[in-house]
Every structure is written in structure tokens, then in C-alpha cells.
Amino acid sequence: MYAISLGDDGAELRPLEPWHAEEFFAHLERGRDFIGRFINFGSQETDVESARAMLQRYADMRAADTRSLHGLWLNGKLVGGVLFLNFDAASGNCEVGCWLEPAGTGRGLVTRAMRVLIDWAVEERGIHRIEWVAASGNQPSLNVARRLGMTRDGVRREAHPYGGVRHDLEVWSVLAPEWRAARVRAAHDDH
């Protein structure tokens, strides 16, 4: 359908759709332990058919304008993705998130892809508040929120029971006027 280049390192943002089920499942298998440290994303997808069913659920939610998945490819290989976990255009609010296998880490892929998603949400869809929620122990995820210029709104203490531990969840956000101002500053700094 389309691919958006995220730089000169072979990174691309593309739709992640049901026809990618085999590639998606292979990616989940490569990254299952790493991805599952703080989130259960992909944990129920144990074969190609269940992976296809998950992608179909997200395709249906995208059609309903409530959630969507977007894959991150590096040199032609699916290594992770970004998503709208909740998308409510009527209220002007959304929540974004990500997942990566180890081969996709440390390259700024999520930050670059998230800039594309947030630009679209703010400028094309009129979203006012973009939220990012991550476990306090998930420093790479919290670092993305910081790099995106988000503000830490607060901590939901021990709100996320996962893996036998009650994790604190940090809530970060950026508002459309803040996002636009930061984008103007970044463009000015580039000149």
C-alpha cells in the first residue's frame, strides 16, 4: 500500500495488515521474550492463524476509527511497530504505544515513526491530546516519551499487575499546541 521512509538507514513505516500474518508471527517469535518484559502484546499469538486473527481485529478497529497498527521495517525485515491503542477523534484524544524485537532497538525507530503518527493525528485528524503510558521500569519506552517532548503527567502506582509484579505506570502526554510549537522550533533549528 505505502511505505514512509524514516531516514537513510533502510527504516520504513508501513501498514501492518492481515496479509502480513506469517511475517508478523515470525517477528513475534524472534522478539517474544523481549517484547513481553512489560507488556503482553503478541503473547496470545502462538501460530500464524492467531497472528492473522490479531491483525484482522486491528484492521477492523482501524476501519471503525478506534485503533490501528503500523509496522516498522528495517532493511525489508519487520522488527516492531507503533500503534494507536485508543483513538477518539470526537473527543480529540488518543493513546499511542510501541513494541520492538531486539534487532530494532537503539536506532530511534520508534521515535521517528511516532513523529509521523503524531503529526498525522494532530494535523489531519484534529487530535488535541496524545498520551503515552509505560511501566516505570521500561526506561527505553519512557525515553521515547521524553524525546517526543511529552510531559510526565503522573504515576499510577502499582496499577499494572503483570508477570507476578505490580508495576507503576507512568502517564506522559503532549498537547497539539505543544507539538506544533516543538515542530516549528525543530524546523527553525534545522535552518
Side-chain angles (χ1 to χ4, degrees), residues 1-59 61-62 66-87 94-121 130-150 160 162-163 167 169-170 172 174:
M1 218 178 132
Y2 67 82
I4 297 171
S5 173
L6 297 175
D8 58 4
D9 60 352
E12 292 181 328
L13 177 66
R14 303 182 199 167
L16 185 54
E17 299 177 327
W19 64 272
H20 292 115
E22 289 183 15
E23 185 176 13
F24 179 59
F25 178 67
H27 152 66
L28 288 177
E29 286 291 285
R30 289 190 304 271
R32 193 170 300 281
D33 291 340
F34 185 79
I35 294 166
R37 293 175 307 146
F38 295 102
I39 58 174
N40 66 356
F41 183 86
S43 64
Q44 303 301 309
E45 287 62 45
T46 56
D47 56 30
V48 172
E49 285 313 307
S50 57
R52 186 181 328 280
M54 177 188 184
L55 294 175
Q56 185 61 57
R57 282 192 307 276
Y58 271 90
M61 289 184 277
R62 182 175 184 146
T66 59
R67 294 182 182 204
S68 59
L69 292 178
H70 311 269
L72 290 169
W73 274 261
L74 185 60
N75 297 315
K77 182 179 181 181
L78 179 63
V79 295
V82 292
L83 69 157
F84 287 108
L85 286 129
N86 297 296
F87 192 90
C94 71
E95 181 184 347
V96 293
C98 68
W99 76 96
L100 286 173
E101 66 177 76
T105 63
R107 302 168 182 270
L109 296 178
V110 169
T111 302
R112 290 184 274 160
M114 200 53 70
R115 285 184 181 128
V116 172
L117 255 61
I118 295 173
D119 277 345
W120 176 82
I130 299 93
E131 189 169 276
W132 183 277
V133 179
S136 291
N138 190 347
Q139 284 304 310
S141 186
L142 299 176
N143 289 340
V144 170
R146 286 183 191 96
R147 284 192 295 272
L148 291 170
M150 293 184 167
H160 182 54
Y162 181 71
H167 297 270
L169 292 178
E170 296 194 19
W172 292 69
V174 65

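Counting only distance, with no hydrogens or angles, the side chain of T66 and the backbone of M61 share a donor-acceptor pair below 3.5 Å. Side-chain N or O atoms of Y58 include none that pairs as donor or acceptor with a backbone N or O of R67 at under 3.5 Å. W172 contributes no side-chain N or O that, together with a main-chain N or O of A134, makes up a donor-acceptor pair within less than 3.5 Å.
Looking at L69 and W99, their side chains come closer than 4.5 Å, going by heavy atoms from C-beta outward. The closest side-chain heavy-atom distance from V82 to V96 is not below 4.5 Å. Side-chain contact check for L28 versus F41: some heavy-atom pair is nearer than 4.5 Å.
Residues passing the side chain to side chain donor-acceptor pair (under 3.5 Å) test with E131 are R129, sequence neighbours excluded. Residues passing the ring-ring contact (aromatic ring centres under 6.0 Å, His included) test with F25, sequence neighbours excluded: none. Partners of F38 by ring-ring contact (aromatic ring centres under 6.0 Å, His included), not counting sequence neighbours, listed by chain and number: H167. In this structure, the ring-ring contact (aromatic ring centres under 6.0 Å, His included) partners of W73, at least two apart in sequence or on a different chain, are H20.
Salt-bridge formation is not detected for the pair E23/R14: no Lys NZ or Arg NE/NH1/NH2 atom is positioned less than 4.0 Å from an Asp or Glu carboxylate oxygen.
No more than 12 heavy atoms of other residues, nucleotides or ligands shown are found within 6.0 angstrom of CD on E22.
Within the structure, every pair that satisfies the side chain to side chain donor-acceptor pair (under 3.5 Å) test and touches residues 31-44, not counting sequence neighbours, is listed here: E29-R32. Judged as a side chain to side chain donor-acceptor pair (under 3.5 Å), the pairs with a partner in residues 102-111 (not counting sequence neighbours) are, in order, T111-R147.
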Determine, step by step, whether V116 and L6 satisfy the side-chain contact (heavy atoms from CB on, under 4.5 Å) criterion, reporting the C-alpha distance in whole Å, the side-chain angles of both residues, the deciding distance to 0.1 Å, and the verdict. CA-CA 9 Å; V116 172; L6 297 175; 4.0 Å; yes
Verdict with supporting geometry, L13 and L117, side-chain contact (heavy atoms from CB on, under 4.5 Å): CA-CA 10 Å; L13 177 66; L117 255 61; 3.8 Å; yes
One pair to check against side-chain contact (heavy atoms from CB on, under 4.5 Å): S141 and V144. What are the steps and the verdict? CA-CA 5 Å; S141 186; V144 170; 5.6 Å; no
Could you walk me through whether L55 and E17 pass the side-chain contact (heavy atoms from CB on, under 4.5 Å) test, one step at a time? CA-CA 6 Å; L55 294 175; E17 299 177 327; over 6 Å; no
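Taking each heavy atom of G149 and V174 in turn, the nearest pair found is O-CG2, 4.2 Å. Closest of all the heavy-atom pairs between S136 and L142 is O-CD1, 3.4 Å. Nearest heavy-atom pair, R30 versus P102, reported as atom, atom and distance to 0.1 Å: O-CD, 4.4 Å. Considering all non-hydrogen atoms of both residues, F24 and A51 come closest at CD2-CB, 3.9 Å. Nearest heavy atom pair, residue L100 against residue F34, reads O-CD2, 3.2 Å. The two residues G31 and E101 come nearest to each other via the heavy atoms CA-CB, 3.8 Å.
Below 30°, between 30° and 60°, or above 60°: for F84 and W120 the angle between ring planes is between 30° and 60°, a tilted geometry.
Atom-to-atom distance recorded for R112:CZ and I4:CD1 is 13.0 Å, nearest 0.5 angstrom. Rounding to the nearest 0.5 Å gives a distance of 9.0 Å between CD of E12 and CG of N75.
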